[in-house]
Amino acid sequence: MKKLLALMLTGVMVLGMAGCGSSSSAETTTETEEAEVEEETEEVEAEAEETEEAADADSDLAYVQEKGTLVVGITDFEPMDYKDEDGNWIGFDADMATAFAESLGVAVEFVEIDWDNKILELDGKTIDCVWNGMTLTDEVMSEMDCSNAYSSNSQVVVLAADIAEDYADVESLADLSFAVESGSAGEAAAEDNGLSYTSVSNQANALMEVAAGTSDAAIIDLLMAEAMVGEGTSYEDLTTGVVLVDEEYGVGFRQGSDLVELLNAFFAESYADGSMTEIATTYGIENSIIAQ
């Protein structure tokens, strides 16, 4: 009997110990699973944060809004970008760029650039866009992401009014020496037509070369020529001549920039509500604006 009771007590103790072991094992398993879930959650959150940071790094909008400014690369180019009597940048492009920056919730900053280095300036982030009556050439569109065209233009010969009738076609221009802006559509037009030319830093200097007599003629944008030569301007003795090529203007951003789509939407809205035409009328280029 005593042996039987001893065996029964031993069995109970074994069962009790087995039960205690199972409980401890279950608790350990639960804690391990919870730790693993927590670790996985932290990893997912970290990956999501890294993805968001990477997206922000690739976003020009986030970059511009973080620093609070849209830096616009320009040259002195009336009627698109030029200074008023107080030294403020005005013009069709300047006014539109200011309005676009306001729509992004940032201030605008204008930086004069060497036109020949516009792509380097853009990629180096010293500027955020090129907005200066920029012709949408194949080279420009391959190196930048560009907006929709917003204005039509032409490359036109500017020369002394008293000789203009002697140079009424492209063939007659071969005898002339030209001043052109380096890296511009005017320079490309001179090359395409086999003309002799000297490159200068901007179109305003090209006009000065003609006025000074150091070049016979210049090739510049028609919109600038209409604003700066002829009766009532600083260059009354100069006039426009042969049109060499028709073209369109656009705004250039870094490749992959998310600002392009935003600007296209801004252009469409500005055209629809009449504000684009109103600004264009202020500077006398309303007939050149392209419907958005």
Side-chain angles (χ1 to χ4, degrees), residues 72-82 91 93 111-124 126-127 129-144 146 149-160 163-164 167 169-229 235 238-252 285 288:
V72 181
I74 60 171
T75 65
D76 190 341
F77 173 17
E78 188 176 352
M80 311 310 280
D81 293 300
Y82 63 103
D93 281 348
V111 175
E112 284 192 86
I113 60 173
D114 181 334
W115 194 246
D116 212 22
N117 294 330
K118 55 187 177 292
I119 295 170
L120 292 175
E121 297 274 6
L122 192 61
D123 291 343
T126 53
I127 60 175
C129 63
V130 181
W131 199 333
N132 190 72
M134 183 179 69
T135 302
L136 294 173
T137 63
D138 290 341
E139 178 187 6
V140 162
M141 291 189 290
S142 68
E143 297 289 343
M144 307 179 192
C146 297
Y150 63 88
S151 175
S152 58
N153 181 53
S154 301
Q155 291 301 312
V156 63
V157 172
V158 173
L159 67 175
I163 66 169
Y167 299 95
D169 54 42
V170 175
E171 289 72 22
S172 64
L173 301 178
D175 297 333
L176 301 178
S177 62
F178 287 85
V180 298
E181 180 182 41
S182 180
S184 70
E187 183 177 65
E191 291 177 350
D192 290 345
N193 287 280
L195 303 176
S196 175
Y197 67 88
T198 299
S199 297
V200 296
S201 60
N202 56 54
Q203 295 188 84
N205 285 346
L207 287 179
M208 290 175 63
E209 291 282 325
V210 181
T214 50
S215 292
D216 298 321
I219 302 173
I220 65 171
D221 290 45
L222 177 60
L223 294 184
M224 183 179 192
E226 290 178 335
M228 296 194 67
V229 307
Y235 299 101
L238 303 182
T239 189
T240 56
V242 179
V243 172
L244 295 178
V245 61
D246 293 320
E247 59 193 25
E248 295 179 333
Y249 287 160
V251 180
I285 65 167
S288 299

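This one's a predicted model, so the numbers in the text were calculated from it and none came from an experiment.
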S.K.: Do the non-hydrogen side-chain atoms of Val251 and Tyr150 ever get within less than 4.5 Å of each other?
M.R.: yes
S.K.: Side chains of Val200 and Met208, heavy atoms from C-beta outward: is any pair under 4.5 Å?
M.R.: no
S.K.: Is it the case that more than 12 heavy atoms not belonging to Glu112 sit under 6.0 Å from its CD atom?
M.R.: yes
S.K.: Would you find more than 12 non-hydrogen atoms of other residues, nucleotides or ligands less than 6.0 Å from Asp169 atom CG?
M.R.: yes
S.K.: Shortest non-hydrogen contact from Gly133 to Asp93?
M.R.: N-OD2, 2.6 Å
S.K.: If you measure from CG on Leu207 to OH on Tyr235, what distance do you get to the nearest 0.5 Å?
M.R.: 5.5 Å
S.K.: Given side chain to side chain donor-acceptor pair (under 3.5 Å), test Asp221 with Asn153 step by step and report yes or no.
M.R.: CA-CA 7 Å; Asp221 290 45; Asn153 181 53; 2.9 Å; yes
S.K.: Do Gln203 and Thr75 get their side chains close enough for a donor-acceptor pair, meaning under 3.5 Å?
M.R.: no
S.K.: Classify the ring geometry between Tyr249 and Phe77 as parallel (under 30°), tilted (30 to 60°) or perpendicular (over 60°).
M.R.: perpendicular
S.K.: Is it the case that the side chain of Glu143 and the backbone of Glu139 share a donor-acceptor pair, with hydrogens and angles ignored and the cut-off at 3.5 Å?
M.R.: no
S.K.: First locate atom CG of Asp123, then atom CG of Asn117, and finally report the distance between them rounded to the nearest 0.5 Å.
M.R.: 11.5 Å
S.K.: Grab the two heavy atoms, one from Ala189 and one from Leu244, that are nearest each other, plus how far apart they are.
M.R.: CB-CD1, 4.1 Å
S.K.: Between Ser177 (side chain only) and Asp216 (backbone N and O only), is there a donor and an acceptor less than 3.5 Å apart?
M.R.: yes
S.K.: Can you tell me how far CD of Glu181 sits from OG of Ser201, rounded to the nearest 0.5 angstrom?
M.R.: 7.5 Å
S.K.: For the CZ atom of Phe178 and the CD atom of Glu209, what is their distance to the nearest 0.5 Å?
M.R.: 13.5 Å
S.K.: Taking the side chain as every heavy atom from C-beta outward, state whether Leu173 and Val157 have any atom pair closer than 4.5 Å.
M.R.: yes
S.K.: If I compare all heavy atoms of Met224 with all of Ala204, which pair ends up nearest, and what's the gap?
M.R.: CE-N, 3.5 Å
S.K.: To the nearest 0.5 Å, tell me how far Ile113 CD1 sits from Asp116 CG.
M.R.: 10.0 Å
S.K.: Would you say the side chain of Thr135 lies within less than 4.5 Å of the side chain of Val140, judging by non-hydrogen atoms?
M.R.: no
S.K.: Would you say the side chain of Met144 lies within less than 4.5 Å of the side chain of Lys118, judging by non-hydrogen atoms?
M.R.: yes
S.K.: When you measure from the side chain of Ser154 to the backbone N and O of Val156, does any donor-acceptor pair fall under 3.5 Å?
M.R.: no
S.K.: Just wondering, do Glu191 and Tyr197 contact through their side chains at under 4.5 Å, heavy atoms?
M.R.: yes
S.K.: Indicate the atoms forming the closest heavy-atom contact of Ala217 with Val210, along with that distance.
M.R.: C-CG2, 3.3 Å
S.K.: At what distance, to the nearest 0.5 angstrom, does OG of Ser182 lie from CG of Asn205?
M.R.: 11.5 Å
S.K.: Considering non-hydrogen atoms only, spot the tightest contact between Thr240 and Val229 and give its length.
M.R.: CG2-CG2, 4.1 Å
S.K.: I'd like to know if the side chain of Thr126 reaches the main chain of Glu121, judged simply by a donor and an acceptor atom lying under 3.5 Å from each other, with no hydrogens or angles considered.
M.R.: yes
S.K.: Indicate the atoms forming the closest heavy-atom contact of Met80 with Leu223, along with that distance.
M.R.: SD-CD1, 4.3 Å
